[in-house]
Amino acid sequence: MKDLTLNAQSAESIIHCGAGTFEKYAKKLAEKQIYVVTDSNVFAIYRHMMWQTFGDNFPVTILPAGESSKTYNNLIAILKDMLKAGMKRTCTVVAFGGGVVGDIAGLAASLYMRGVHLVQIPTTLLSQVDSSVGGKTAVDMCGVKNVIGTFYQPEEVIADPLFLKTLTDREIRCGLGEIVKYGALDGGIFKKLKLNTARLTDYDFLEDITYDCIAHKAKVVCEDERDLSGKRKSLNLGHTTGHALELFYRKKSHGEFVLIGMFYELYIAEKLNICGGQYAEDIKNLILCVLKKIPVYENIEEAAAYAVYDKKNEDGNVSLIVPKCVGGCAEIKLSLSEYTAFLKECAKKL
Ligand code: GLY
């Protein structure tokens with residue numbers, strides 16, 4: 001069990017990492033007024049644990065599980081229910097679930113009565129290593145991801161690996177997508193991943209590497225909480241292409257698309273002599289350790305067109321954050337036609 005403090009400009013966030021943190025910190029939350037947001041899958045598995053921890057009568061919204069719940073209508077439904085349940089300005093919203101729950105509950109907490117306390121209890125590997133930390137909240141609108149949102153730091157994050165035990169292989173793979181991204185940003189994480197390719201899904205290894213990823217993210221968010229100076233942008237490595245493919249194909253989940261995006265963007269980085277040699281091979285190997293095979297996409301140029309929605313873009317160019325060297329990344333800016341040509345070339349070689 002280890003704690004980390006994220007000293008963001010707007011507020012401090014305490015992150016409790018490791019086995020036993022749920023038991024140690026969650027019960028205390030119910031000493032005050034709480035409102036829980038969760039989803040149908042998580043509630044089905046953990047409802048007894050929630051009753052034991054928060055009592056058998058806590059107010060709760062149970063969203064249908066899945067990305068399509070991240071809507072404005074569900075946000076309003078949560079806020080209305082909080083009002084109906086008599087939630088006060090001093091209440092705490094507890095986001096108990098994966099990235100979708102964390103994003104929408106965080107947004108509700110930031111809006112209700114101009115902001116109430118927020119605690120994140122991430123239950124997926126992806127939300128533990130990335131989305132529950134750093135204060136980004138959002139819902140989607142008109143098919144565009146995260147278009148309504150705020151920066152709002154949770155007061156606490158309880159990242160307990162006990163929740164990883166009920167995840168499917170695919171959910172673990174999704175979390176590993178973000179973990180490999182951290183490997184491309186942080187020399188220490190890269191070395192650990194490289195040394196442990198045979199045990200990437202081991203519970204103890206995941207507990208250890210989760211702490212490292214959160215520590216990396218906390219450092220970046222402290223320096224650039226609102227994504228303004230360019231530092232936080234690095235956390236989007238692989239995401240430009242990942243998001244574009246995700247918007248177009250929609251068949252896989254976020255973490256898998258991040259890995260596929262990293263693979264394509266690494267190809268571009270190699271072509272432009274930004275990354276290469278053994279390091280590029282090592283990153284490719286890590287991607288393939290998790291994903292086994294990069295899917296061959298027909299119509300990749302149509303998917304590439306979705307990259308224009310990426311929020312990093314400036315001056316009509318597509319911005320990519322790519323691996324450069326151990327612990328270092330670089331930003332590439334390409335016209336949409338150059339970018340599309342590279343993706344097509346890479347797809348042909350698969
Ligand atoms: N997941 C990227 C960020 O929090 O900035």
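Counting starts at 1 for both ligands and their atoms, following the listed order. Position 1 is the first residue of the sequence, and the numbers go up from there.
Of all protein heavy atoms, the one lying nearest to atom 2 (C) of ligand 1 is Leu235 CB, 3.9 Å. Closest to atom 5 (O) of ligand 1, if we only count protein heavy atoms, is Arg232 NE, 2.7 Å.
For ligand 1, the polar-atom distance check finds an N/O of Lys136 within less than 3.5 Å of one of the ligand's N/O atoms.
Residues Pro122 and Val157 meet the side-chain proximity criterion, which asks for heavy atoms closer than 4.5 Å.
Both tests hold for Lys165 against Tyr203: distance to the six-membered ring centre under 6.0 Å, angle to the ring axis within 45°.
Side-chain polar atoms of Thr240 and Lys312 form a donor-acceptor pair below 3.5 angstrom. The closest side-chain donor-acceptor pair between Glu178 and His239 falls under 3.5 angstrom.
Between Lys181 and Asp130, at least one side-chain nitrogen of the basic residue sits less than 4.0 Å from a carboxylate oxygen of the acidic one, meeting the salt-bridge criterion.
In this structure, His239 does not count as a contact residue of ligand 1, since none of its heavy atoms falls inside 4.0 Å of the ligand.
Short contacts between ligand 1 and Asp130, defined as distances under 4.0 Å to a heavy atom of the residue, involve ligand atoms 1 (N).
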